[in-house]
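Read the numbers this way: they start at 1 and go in the same order the structure lists the ligands and their atoms.
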Amino acid sequence: MRKNIAAGNWKMNLDLEAGKKLASEVVNMVNDEVSNDAEIILIPPFIHLTAVNQLIGSASNIQLGAQNCHQEKGGAYTGEISLEMLKSVGAEYVVIGHSERREYFGEDNALLAAKTKAVLDNGLKPIYCCGEKLDVREADKHFELNKEQIVEGLFDLSKDEILNVVIAYEPVWAIGTGVTASNEQAQEMHAFIRGLIADKYDQETADSISILYGGSVKPGNAKELFEQPDVDGGLVGGASLKSRDFTDIIKSF
Ligand code: PEP
């Protein structure tokens, strides 16, 4: 179901005490200050999921997400985390195909399609990331590249399945760089992605999917990005590590 979403990806940051402090600050600020109906997702490192879930408590507008998963049910995969495990600690969402996973861990579209399917088969919701590097944009191949990532990662899903996917368009050149895509660049790519879904499935399906923008979202640029007709919120890295900034981003809807 299409909704406004602010998701905070903590990446590999914060020890347990710092993570608990951040989560409790966000929960308190959201309770005190946020009156919109946006869904908020906290995405800490795996090892903090249980503690953060306890701090979220019964706050129904705040959900828990994981940054990755393994696609197999379980077994001899040392160092990996299964979807059963994620479910058992309260995760509702799983980020799939973040550009850092694609770049540093060699995750390709075929693997990401398998992970996405496994997330859905386990009753969780994938946040499927796509996005081009700077050289691809400069070569004017960004639509082609994003299409490939969407088609190969998602289009084996049924209509019922894709309705439970959240997509995050994250131009790699804007992640952690302080450079944000312009409102026009974000809107243009989000509309393109929604068009791909309409062509493959139908318009109603495309209109029901949340497409988030990610790449240096801050309190100062969130409002105008979120006002774009096809931008349904943000996947936020750096600014989600500061409770004040993240809450202000949530209040931008
Ligand atoms: C991200 O981690 O997905 C991200 C968009 O990071 P940042 O907001 O720091 O650019």
Side-chain angles (χ1 to χ4, degrees), residues 4-14 18-19 22-23 26 38-46 48-49 52 63-69 91-105 107 112 115-116 119 125-134 136-137 142 145-146 149-150 153 165-183 185-187 189-190 193 210-226 228 230-253:
N4 291 327
I5 296 175
N9 172 17
W10 297 3
K11 309 194 188 191
M12 195 174 73
N13 291 300
L14 308 180
L22 174 60
V26 171
E39 181 148 297
I40 300 151
I41 310 172
L42 299 184
I43 312 176
F46 290 133
H48 302 339
L49 283 166
V52 171
Q63 307 285 346
L64 189 67
Q67 297 175 17
N68 182 30
C69 66
E92 298 271 352
Y93 287 89
V94 186
V95 177
I96 297 294
H98 190 281
S99 63
E100 290 147 19
R101 300 295 316 171
R102 292 177 184 268
E103 175 77 10
Y104 306 136
F105 301 94
E107 299 196 357
L112 299 173
K115 288 192 178 199
T116 301
V119 172
K125 292 175 218 147
I127 302 174
Y128 180 85
C129 303
C130 62
E132 78 285 352
K133 292 187 193 169
L134 188 58
V136 173
R137 180 165 278 266
H142 44 301
L145 190 278
N146 280 280
Q149 292 178 336
I150 294 287
V165 175
V166 172
I167 294 173
Y169 167 58
E170 300 206 299
V172 181
W173 45 271
I175 297 181
T177 59
V179 179
T180 314
S182 68
N183 302 329
Q185 286 170 322
Q187 169 54 27
M189 186 59 79
H190 283 227
I193 292 168
S210 297
I211 307 180
L212 313 184
Y213 166 79
S216 299
V217 175
K218 305 183 246 317
N221 59 24
K223 188 169 173 33
E224 50 185 33
L225 281 161
F226 298 172
Q228 303 306 309
D230 286 294
V231 177
D232 303 307
L235 179 54
V236 185
S240 74
L241 296 172
K242 295 184 189 137
S243 51
R244 179 73 272 151
D245 285 0
F246 190 52
T247 306
D248 285 345
I249 290 169
I250 297 163
K251 288 161 73 179
S252 305
F253 288 107

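The ligand atoms of ligand 1 that sit less than 4.0 angstrom from a heavy atom of A174 are 10 (O). In the vicinity of K11, heavy-atom distances shorter than 4.0 Å reach the ligand 1 atoms 1 (C), 2 (O), 6 (O). Close contacts between ligand 1 and G176 involve ligand atoms 7 (P), 9 (O), 10 (O) [criterion: under 4.0 Å to a heavy atom]. Those atoms of ligand 1 with a heavy atom of G238 less than 4.0 angstrom away are 7 (P), 8 (O), 9 (O). Listed by number with element, the atoms of ligand 1 under 4.0 Å from a non-hydrogen atom of S216 are 7 (P), 8 (O), 10 (O). Atom numbering of ligand 1 starts at 1 in the shown order; those under 4.0 Å from a heavy atom of L235 are 3 (O), 5 (C). For ligand 1, the atoms closer than 4.0 angstrom to any heavy atom of G215 are 5 (C), 10 (O).
Side chains of E132 and Y169: a donor on one and an acceptor on the other come within 3.5 Å.
The local environment of NZ in K242 is sparse, with at most 12 non-hydrogen atoms from other residues, nucleotides or ligands closer than 6.0 Å.
A side-chain contact (heavy atoms from CB on, under 4.5 Å) with I127 is found for exactly one of V94, I96, I5, V166, namely V166.
Among the atoms of G237, some N or O lies under 3.5 angstrom from an N or O of ligand 1. In terms of polar-atom proximity, H98 is counted as a contact of ligand 1, with an N or O under 3.5 Å from an N or O of the ligand.
With hydrogens left out, the protein atom closest to atom 5 (C) of ligand 1 is E170 OE2, 3.1 Å, a heavy atom.
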